[in-house]
Novice: 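Take this structure, written in structure tokens, and hold onto it; I'll ask about it next.
What you see is a predicted model; the values in this text were computed from it and never measured.
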Amino acid sequence: EEEEEEGEGETLQQPRNPFLDPRSEALYVFVNDAYCRGKAGCPAWCCCVRTCPEAFEFDEDTGRATTTTRGMVDSQVLDSHQLWEAVGQCPTETLHFVTKDQLDWLLELQEQAKGFLAD
């Protein structure tokens, strides 16, 4: 969705910022893998994969945490103490509850960054 902004005699289309204008509840989880310490660097007491394996796993290529279902968490898992504990205890604040629009935006940005770094 886009919002209209009045200019001099013309209407400009501005993309809606899903962070400034969230339109749903934060029922999804985003993993900012750029900050994740990964399998080798995360202590067992705060490892999201060990705390909530229903929601997180290690990426085979990078060794960093990722969600098991592209950020979409089952409602039973979303209500679980383990998920909230995993998100809250991450020492690098890599895990975030987000809305669907925010998740889509962040995943797209993450893919663009990976492509940029690969070039």
Novice: Could you name each residue pair satisfying salt bridge (Lys or Arg N to Asp or Glu O under 4.0 Å) that touches residues 95-108, not counting sequence neighbours?
Specialist: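 Checked against salt bridge (Lys or Arg N to Asp or Glu O under 4.0 Å) - neighbours excluded - the pairs reaching residues 95-108 are Arg16-Asp101, Lys100-Asp104.
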Novice: With heavy-atom distances below 4.5 Å as the criterion, would you say the side chains of Val98 and Leu106 are in contact?
Specialist: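 Yes; the side chains approach each other to less than 4.5 Å.
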Novice: May I have all residue pairs that pass ring pair (Phe, Tyr, Trp, His ring centres under 6.0 Å) and include part of residues 44-102, sequence neighbours excluded?
Specialist: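 Non-adjacent pairs meeting ring pair (Phe, Tyr, Trp, His ring centres under 6.0 Å): Trp84-Phe97.
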Novice: Kindly work out whether a path of hydrophobic side-chain contacts (I/L/V/M/F/W/Y, heavy atoms less than 4.5 Å apart) joins Phe19 to Leu27.
Specialist: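 Linked within one cluster.
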Novice: Quick one: do Cys48 and Val87 satisfy side chain to side chain contact (heavy atoms under 4.5 Å, CB included)? Show the steps, please.
Specialist: CA-CA 7 Å; Cys48 61; Val87 172; over 6 Å; no
Novice: Set out, in order, the CA-CA distance, both residues' side-chain angles and the distance that settles side chain to side chain donor-acceptor pair (under 3.5 Å) for Glu25 and Thr99, then state yes or no.
Specialist: CA-CA 6 Å; Glu25 294 181 82; Thr99 68; over 6 Å; no
Novice: Among side-chain atoms of Thr69 and Thr67, is any donor-acceptor pair under 3.5 angstrom?
Specialist: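 Thr69 vs Thr67: no donor-acceptor pair found between side chains.
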Novice: To check you understand the geometry: which heavy-atom pair defines the closest contact between Leu83 and Ala55, and what is its length?
Specialist: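 Heavy atoms only, the tightest pair is CD1-CB, 3.9 Å.
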Novice: Got a sec, which pairs hit salt bridge (Lys or Arg N to Asp or Glu O under 4.0 Å) with one end in residues 32-58, sequence neighbours left out?
Specialist: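 Those involving residues 32-58 are Asp33-Lys114.
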Novice: Quick one: ring-ring contact (aromatic ring centres under 6.0 Å, His included) partners of Phe30, sequence neighbours excluded?
Specialist: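 Phe30 satisfies ring-ring contact (aromatic ring centres under 6.0 Å, His included) with no other residue.
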Novice: Show the nearest heavy-atom pair for residues Ala65 and Cys36, with the distance to one decimal.
Specialist: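 Shortest heavy-atom separation between Ala65 and Cys36 comes out as N-SG, 3.3 Å.
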Novice: Rounded to the nearest 0.5 Å, what separates atom CD in Gln102 from atom CG in Asn17?
Specialist: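 Gln102 atom CD to Asn17 atom CG measures 8.5 Å (nearest 0.5 Å).
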Novice: Keeping to residues at least two apart or across chains, list the salt bridge (Lys or Arg N to Asp or Glu O under 4.0 Å) pairs with something in residues 83-98.
Specialist: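 Salt bridge (Lys or Arg N to Asp or Glu O under 4.0 Å) check on residues 83-98 returns no pairs.
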Novice: Kindly give the heavy-atom pair with the smallest separation between Ala86 and Leu95, and that separation in Å.
Specialist: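 Scanning both residues completely, I find the closest heavy atoms to be O-CD1, 3.3 Å.
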Novice: Mind checking what makes salt bridge (Lys or Arg N to Asp or Glu O under 4.0 Å) contact with Asp59, not counting sequence neighbours?
Specialist: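 Listed in chain order: nothing, the list is empty.
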